[in-house]
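Beneath this line is the structure, given in structure tokens, with notes to follow.
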Amino acid sequence: MNWTRIFLFALLTLCVTGSISFAGMRGCMRLSRIKNPYFALALQKATALAYTLPILFSVIFFRRAGGFFRREDRIIEGVFWMDRMKIDDKVCLALELVWLCGFVAELWKTLRAQRRLKRIWRQNAPVISGQRYEVFEQCRKRFGLSRVELFENAALPSPVSAKYGSFMIVLPAQPYSEKELHMIFAHEMNHIRHRDLWWRRLVLIGSLVNWYHPWQRVLEKDLIAGQEIVCDLRASTGQTMFTQREYGAFLAELSDYSYGNLPITAFQESKHMTIRRLTAMVEAKKIKRPRGWMLTASFAGLLAAALLPASAVSAQVIAWEEGRIYASEHGTRVEATELENSGEVHTAYAKDDPLVVEVDLTEETTFDMNTVNIDRYISQNIRVLMREQSMPRGGKISVMVSCNNDGAVYRVGVKNIVTEEKKYVEGSGMQTFVYSIPADGRYSAYVENRSNQIIKVAGTARYDD
């Protein structure tokens with residue numbers, strides 16, 4: 001298989017799906033009169049998924065590999081996946097090396113930042129008593145979180161939540177009132193409850209894979225800001241220990257600091273983000289919190305709306321590439337009048353080969369005018385019908401196939417679909433077979449593997465009325 005082409009195609013599907021999803025997300029946010037951060041966050045998560053998980057590529061690839069899981073053990077079909085061209089290999093390899101260099105550079109920066117963070121975590125001191133621990137336990141039980149630990153760290157400028165083994169909330173070594181502790185824990189535990197750390201890790205992976213795409217960076221910032229805004233609204237609404245005004249005042253007083261794109265959540269990041277969060281809290285009275293099914297529907301709707309046009313683009317890319325490959329192989333096409341049978345013609349019926357499994361690829365075969373392109377791998381004891389077609393008496397089906405597997409024996413022939421009679425020649429290397437239609441009916445050219453190994457064949461079958 002041409003793995004470089006397949007890998008680049010997977011990157012292309014991610015890029016196209018993510019870009020369409022991002023454009024749809026931004027369009028929905030601009031068109032909505034009331035800026036609802038809950039819906040915005042759901043759309044941002046759908047876009048992060050589109051940029052990171054190869055959903056479309058998996059569907060396209062395994063649709064071509066459908067027979068792989070059936071008993072005939074058929075290999076991936078199609079010249080797009082299987083063919084090799086020297087110029088393609090060189091171009092694909094060059095592009096893959098460029099992507100790999102960018103990926104390694106981004107990964108190195110991320111690993112360096114995580115190493116610095118691990119050095120900070122080594123200074124964590126567990127908090128197991130005192131006012132901080134008592135307030136933490138009250139909030140933890142209220143949120144129903146069992147696997148969360150509390151630490152104190154003098155190296156931190158702002159409270160954070162992270163997953164370092166287990167979930168943890170880390171406080172700076174500075175005094176906080178009981179009310180401020182309730183604000184901090186409500187905020188960070190909302191992050192943990194709604195799996196915000198998991199989504200930040202996902203968007204970090206997307207940023208590594210799509211390092212060349214500027215929209216991925218914008219999405220990363222939008223998602224972090226969206227999580228913080230929604231978390232502020234959840235933490236500051238319906239509280240008895242503090243008011244929304246007190247929460248906003250405390251948020252504005254904290255020091256300015258940013259943890260970048262690391263998968264942690266901080267109560268305070270940049271001042272620009274703080275302004276966005278405070279503005280959203282002021283407008284919270286106008287915002288009606290949507291139900292869960294509405295958020296799920298918007299998430300799934302955007303993802304589906306992005307996958308449909310992205311699949312059309314991907315299908316067009318495959319069709320264009322296969323057409324280019326076929327055009328490069330025009331030298332293998334020979335007119336029917338120039339062909340002669342490469343060996344003795346034999347006759348067989350269904351009872352003669354009960355162990356052979358027959359695979360009909362009529363719907364999958366590329367058909368150019370009256371010529372079928374044959375280019376595929378065929379497993380042992382598999383007969384592949386290239387195309388079933390109605391033929392008149394006196395018509396001709398001419399087949400020319402080559403096989404590069406040394407010594408592999410295979411058959412090239414024509415099957416009468418009604419009577420199941422098969423006419424064929426048998427041999428190795430290059431074979432040709434010309435069959436004159438004796439009576440009106442439905443016929444199909446076929447190639448049958450008679451060896452004990454998987455073979456790759458290439459050639460054409462020409463149907464002349």
Side-chain angles (χ1 to χ4, degrees), residues 1-23 25-26 44-58 61 87-122 155-158 160-165 196-228 256-266 269-270 272-273 306 310 313-314 317:
M1 294 181 68
N2 194 336
W3 292 108
T4 53
R5 180 193 289 152
I6 291 172
F7 179 74
L8 290 175
F9 180 70
L11 285 180
L12 173 68
T13 58
L14 280 179
C15 180
V16 173
T17 309
S19 298
I20 294 174
S21 182
F22 182 87
M25 178 261 295
R26 279 298 183 94
Q44 289 158 358
K45 288 180 177 179
T47 305
L49 209 62
Y51 264 123
T52 309
L53 299 186
I55 302 171
L56 178 59
F57 171 78
S58 301
F61 185 82
I87 185 64
D88 281 5
D89 288 348
K90 292 179 180 179
V91 172
C92 289
L93 183 60
L95 291 174
E96 198 166 288
L97 288 175
V98 170
W99 175 86
L100 185 61
C101 290
F103 175 81
V104 170
E106 290 296 319
L107 181 63
W108 176 250
K109 287 192 293 186
T110 301
L111 292 177
R112 285 184 60 191
Q114 289 185 337
R115 279 202 300 270
R116 289 196 299 269
L117 193 60
K118 285 183 180 180
R119 286 197 292 268
I120 294 176
W121 293 152
R122 294 194 188 102
L156 289 179
S158 174
V160 301
S161 59
K163 194 174 189 303
Y164 187 61
D196 287 349
L197 292 167
W198 185 89
W199 284 101
R200 293 199 184 191
R201 196 175 297 275
L202 182 74
V203 81
L204 174 60
I205 294 172
S207 295
L208 292 174
V209 174
N210 303 291
W211 58 265
Y212 56 89
H213 202 310
W215 286 3
Q216 175 70 44
R217 301 298 180 186
V218 177
L219 172 66
E220 184 181 294
K221 294 178 181 179
D222 285 350
L223 181 72
I224 292 175
Q227 285 182 339
E228 295 299 335
D256 185 19
Y257 192 80
S258 176
Y259 290 93
N261 64 342
L262 288 173
I264 64 175
T265 62
E269 294 200 24
S270 67
H272 174 69
M273 187 181 295
V313 172
S314 301
V317 170

Could you check L156 against W121 for side chain to side chain contact (heavy atoms under 4.5 Å, CB included), going step by step and ending with a plain yes or no? CA-CA 10 Å; L156 289 179; W121 293 152; 4.1 Å; yes
Please assess Q216 against W211 for the test side chain to side chain contact (heavy atoms under 4.5 Å, CB included), listing each intermediate value before the final yes or no. CA-CA 8 Å; Q216 175 70 44; W211 58 265; over 6 Å; no
For the pair R26 and V218, evaluate side chain to side chain contact (heavy atoms under 4.5 Å, CB included) and give the outcome as yes or no after the intermediate values. CA-CA 11 Å; R26 279 298 183 94; V218 177; 3.0 Å; yes
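A cation-pi arrangement is present between R115 and W108, with the terminal nitrogen or guanidinium carbon under 6.0 Å from the aromatic centre and inside a 45° cone about the axis.
Here the side chain of T52 pairs no donor or acceptor atom with the backbone of L49 at under 3.5 angstrom.
R122 is linked by a side chain to side chain contact (heavy atoms under 4.5 Å, CB included) to R119, counting only residues two or more places apart in sequence or in another chain. Applying the side chain to side chain contact (heavy atoms under 4.5 Å, CB included) test to S19 and every residue at least two apart in sequence or in another chain returns C15, Y51, H213, W215.
Closest non-hydrogen pair, T47 versus S21, comes out as OG1-OG, 3.1 Å. Annotation for L197 and S161: closest pair CD2-O, 3.7 Å, computed over non-hydrogen atoms. Minimum interatomic distance between A155 and I120 (heavy atoms only, all atoms of both residues): CB-CG2, 4.2 Å. Closest non-hydrogen pair, P54 versus S58, comes out as O-OG, 2.8 Å.
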Determine all donor-acceptor pairs shorter than 3.5 Å in which one atom belongs to a side chain in residues 91-102; sequence neighbours excluded.
residue, atom, partner, partner atom, Å
W99, NE1, V209, O, 2.8

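Residues K163 and W198 have side chains not in contact (no heavy-atom distance under 4.5 Å, counting atoms from C-beta outward). Here the side chains of Q227 and R200 are in contact, with some heavy-atom distance below 4.5 Å. Side-chain contact between R116 and R112 is present, with heavy atoms from C-beta onward closer than 4.5 Å. Side-chain contact between W199 and L204: absent, with no pair of heavy atoms (C-beta onward) separated by less than 4.5 Å. E106 is not listed as a side-chain neighbour of S207, based on a closest heavy-atom distance of 4.5 Å or more. Taking the side chain as every heavy atom from C-beta outward, M25 and L219 approach each other to under 4.5 Å. Taking the side chain as every heavy atom from C-beta outward, V203 and K45 never approach each other to under 4.5 Å.
Put simply, OH on Y212 and CG on L11 are 5.0 Å apart, with the number rounded to the nearest 0.5 Å. Taking CD1 of I205 as the start and CG of L107 as the end, the distance is 11.0 Å to the nearest 0.5 Å. Here the straight-line distance linking atom OG1 of T17 with atom CG of L53 works out to 11.0 Å at 0.5 Å rounding. Atom NZ of residue K118 and atom OH of residue Y164 lie 5.5 Å apart, to the nearest 0.5 angstrom. Rounding to the nearest 0.5 Å places CG of L208 at 4.5 Å from OG1 of T110.
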